[in-house]
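Let me begin by presenting the structure, written as structure tokens, before commenting on it.
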Amino acid sequence: MGLGWRNRLRRQAGVASPPEVPATLGAPLAVADGQYICTTTAGDWLDRIATHSLGLRTGAVLEIVEQGAVLRRSGAPDLFIPAADLTGVRLESGMAGKFVEKDGLLVIGWRLGGQGVDTGFRPRRHGDRPALVAALNRILPAPSGTTNHPADHTAAKKENQ
């Protein structure tokens, strides 16, 4: 297993480093305690990104602020996802070896460098998911020529059902 992980690190050497967490952040729009699952290649829930500690499952606190999403991870560097790089938010039942009840994982789609990735987070409390989805939809950049309205995003519709 260690050999496979080392080979994965070597293959992914060109993956961009995540941006640093800004020194000052606005007031949180939503906060939840839970578990950082991992970051995978967008659309491929089994292709875990190993570089930059993005493949390590850890306890974490997810904070959504106007500037983006901050995952404050235990035992790994904090991860900052800039709002401008967000591509979507959805609820899933699993990714990269972690499977839970239907819609138990919050999956944040974003661009890391030029590569699309998905980052998974499992809130400790089921009741935290609606606020996280709403806050992420609030800061999600609008597609060109449209307004940024939460009803435009499928995760918001799904969460309200």
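The structure presented is a predicted model; accordingly, all values stated were derived computationally and were not measured.
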Exercise. Would you kindly confirm whether V65 and L136 end up in one hydrophobic cluster when ILVMFWY residues are joined by side chain heavy atoms under 4.5 Å apart?
Key: no
Quiz prompt | Path from I81 to V21 over hydrophobic side-chain contacts below 4.5 Å | solution = no
Quiz item: Looking only at heavy atoms, what is the nearest atom pair of A69 and I64, with distance?
Solution: CB-CD1, 3.8 Å
Quiz item: Taking N137 for the side chain and V89 for the main chain, is one N or O donor matched with an acceptor at less than 3.5 Å?
Solution: no
Quiz item: Side chain of R73, backbone of P77: donor and acceptor closer than 3.5 Å?
Solution: yes
Quiz item: For Q67 and F80, what are the C-alpha separation, side-chain angles and deciding distance, and is it a side-chain contact (heavy atoms from CB on, under 4.5 Å)?
Solution: CA-CA 9 Å; Q67 296 97 321; F80 177 63; 4.2 Å; yes
Quiz item: Within a strict 4.5 Å, meaning less than it, do heavy atoms of the R122 and L106 side chains meet?
Solution: no
Quiz prompt | A30 versus A135, closest heavy-atom pair with distance | solution = CB-CB, 3.8 Å
Exercise. Give the C-alpha distance, both sets of side-chain angles, the deciding distance and a yes or no for side-chain contact (heavy atoms from CB on, under 4.5 Å) between D78 and L71.
Key: CA-CA 6 Å; D78 292 344; L71 285 142; over 6 Å; no
Quiz item: Do L29 and L25 share a hydrophobic cluster, counting only Ile, Leu, Val, Met, Phe, Trp and Tyr and linking them when any side-chain heavy atoms are less than 4.5 Å apart?
Solution: no
Quiz prompt | From CA spacing to verdict: side-chain contact (heavy atoms from CB on, under 4.5 Å), V107, T119 | solution = CA-CA 5 Å; V107 178; T119 294; over 6 Å; no
Hey, can you pull the donor-acceptor pairs under 3.5 Å for the side chains in residues 53-63, sequence neighbours left out?
residue : atom : partner : partner atom : Å
R57     : NH2  : A96     : O            : 3.3
E63     : OE2  : R72     : NE           : 3.1

Practice problem: Any chance you could measure L112, atom CG, to I49, atom CD1, to the nearest 0.5 Å? | Solution: 7.5 Å
Quiz prompt | Salt-bridge present (R90, D103; N to O < 4.0 Å) | solution = no
Exercise. Applying side chain to side chain contact (heavy atoms under 4.5 Å, CB included) between F121 and each of I37, L105, L132, report the one that passes.
Key: L132
Practice problem: Under the side-chain contact (heavy atoms from CB on, under 4.5 Å) rule, what do L79 and V70 come out as? Steps first, then yes or no, please. | Solution: CA-CA 6 Å; L79 175 61; V70 181; over 6 Å; no
Practice problem: State, yes or no, whether a side-chain contact exists between R48 and T39 at a heavy-atom distance under 4.5 Å. | Solution: no
Quiz item: Is there a side-chain contact between R111 and V117 (heavy atoms, below 4.5 Å)?
Solution: no
Quiz item: Between K102 and E92, is there a side-chain N and carboxylate O pair less than 4.0 Å apart?
Solution: no
Quiz item: Near E101 CD, under 6.0 Å, is it more than 12 heavy atoms from other residues, nucleotides or ligands?
Solution: yes
Practice problem: Identify whether L140 and V31 are in the same connected component of the hydrophobic contact network (ILVMFWY, side-chain heavy atoms under 4.5 Å). | Solution: no
